[in-house]
Amino acid sequence: MSVGYVYDPIYLKHDTGQHVEVAARLEAIIAYLEKTGLKEQLTLIKPRPATVDEIALVHTREYIKEIEETAQKGGGWLDPDTVMSAGSYEAALYAAGGLIRAVEAVMGGKISSAFTLVRPPGHHATSGQAKGFCLFNNIAIAAKYALAEYNLERILIIDFDVHHGNGTQDTFYDDPRVMYISAHQYPFYPGSGDIGETGGGAAEGSNINIPLPAGCGDSEYLKVFEQIIVPASRRFSPRLILVSAGYDNHWADPLAMMEVSTSGFGQMTGTIKGLADELCGGRLALTLEGGYNLDALAASVKATFDVLIGNSFEDPLGQSPRRAGTVDIDHLIGAVKELHKLP
Ligand SMILES: [Zn+2]
């Protein structure tokens, strides 16, 4: 079965001016997929705008109105990091709708897995607040949509962006149907993501934070996947896996202090694909969050697609020139396993 991707030039209309989260990110990815011939191996899924009712599965009507009105006024800053232009509301509707279309394609069985190449990103946006370059929480909206539309009992969200997805955690903190697992640099922006944030009420245990120290690379992430994410996913037994795919933990990224290589992202994707194949008939949809070094982003997104397709892949950037040795995270892994009673 083919691997799908969601893309549309409408995502370039979210104009952030002088910023790290820019339209050139998507242009670099698409150009690289074209240059390497990979795009021809993928099936294009056309996005649609999410409806206001769909956005309201996660966000308040007042907040949605505020975003619409800010666009109508030509844009403006919503928080110290997050800016809008006239085209941002429409782009944001299509970003959420793009992931909904990916979920529909995967659930319909026409596509084995899909990756939505969208912006603005989403995982920092909360019900009533834009944050960290994010307007609407694309992955939370798509998960709520999938719960309602397909009556799924359990959805797993894996978030490997270097930042904690505070908005996604908030949305499902008390919802036992959605397990949220995040590995992120900590302490770091946005401040949430402590190991002790484990879910509320009946959802106790369905929120797993793996707060990593700076300096972690491929081997540490591999350990986190093997020792925490894989056993936790098996125990949860999801019907669908969604992924907040952020590439700002690449060693070349300007925002964070991690040392992951393009090969490391390929390995992570392989593990996630293996979980989807084993647990939920391969049903897997990824969405782009961060990643701000254009070369590293394009190569890592291509590696992700290559692994989804089953191709071998190249790592044109190689390993971090700074990395001197591994970071000891055994104590952290032990603490997370004990807290969540993982085997
Ligand atoms: Zn990020």
Side-chain angles (χ1 to χ4, degrees), residues 11 14 16 19-26 28-29 78-83 92 95-96 99 115-126 129-142 157-171 180-194 197 208-218 220-221 224 229 242-262 264-265 268-269 272 286-301 303-304 320:
Y11 300 129
H14 171 51
T16 51
H19 202 278
V20 291
E21 199 295 287
V22 283
R25 295 174 64 233
L26 289 186
I29 293 170
L78 302 171
D79 91 336
D81 303 308
T82 314
V83 67
L99 188 51
F115 191 172
T116 64
L117 304 174
V118 300
R119 52 186 294 279
H123 72 156
H124 294 306
T126 61
Q129 205 175 3
K131 196 174 171 72
F133 320 159
C134 303
L135 302 183
F136 298 141
N137 196 317
N138 306 319
I139 202 163
I141 292 163
I157 298 177
I158 298 172
D159 187 334
F160 63 71
D161 186 280
V162 79
H163 302 99
H164 182 245
N166 60 290
T168 312
Q169 170 174 295
D170 276 9
T171 304
Y180 177 68
I181 308 180
S182 176
H184 46 271
Q185 186 175 324
Y186 186 87
F188 199 49
Y189 185 89
S192 56
D194 186 85
E197 297 160 9
I208 302 181
N209 284 325
I210 306 144
L212 296 167
C216 289
D218 297 354
E220 290 84 3
Y221 274 85
V224 162
I229 298 179
L242 302 177
V243 178
S244 273
Y247 298 88
D248 38 11
N249 30 15
H250 195 284
W251 62 261
D253 196 272
L255 289 198
M257 286 148 266
M258 291 304 201
E259 305 288 355
V260 178
S261 72
T262 294
F265 288 112
M268 287 187 229
T269 305
I272 293 169
L286 304 90
T287 188
L288 184 66
E289 302 284 359
Y292 305 100
N293 175 299
L294 300 189
D295 293 337
L297 175 64
S300 301
V301 168
T304 301
S320 169

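All ligand and atom numbering here is 1-based and tracks the order in the structure. All of these numbers come straight from a predicted model, not from anything done at the bench.
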- Note on the structure: In T287, L286, V118, I141, the residue satisfying side chain to side chain contact (heavy atoms under 4.5 Å, CB included) with L99 is T287

- What N/O/S atom of D248 gets nearest to the Zn ion (ligand 1)? OD2

- Item | side-chain contact (heavy atoms from CB on, under 4.5 Å) between Y247 and T304, intermediate numbers included | CA-CA 11 Å; Y247 298 88; T304 301; 2.7 Å; yes

- Message: Please enumerate all residues that pass salt bridge (charged side-chain N to carboxylate O under 4.0 Å, His left out) together with E197, with sequence neighbours excluded.
- Response: none

- Query: To the nearest 10°, what's the angle at the Zn ion (ligand 1) between atoms OD1 (D161) and ND1 (H163)?
  - Reply: 100°

- Message: Counting backbone and side-chain atoms alike, is an N, O or S atom of H123 positioned under 2.8 Å from the Zn ion (ligand 1)?
- Response: no

- Query: With a cut-off of 2.8 Å, does any N, O or S atom of E289 fall short of it relative to the Zn ion (ligand 1)?
  - Reply: no

- Message: For D159, give me all partners under side chain to side chain donor-acceptor pair (under 3.5 Å), at least two apart in sequence or on another chain.
- Response: H123, Y180

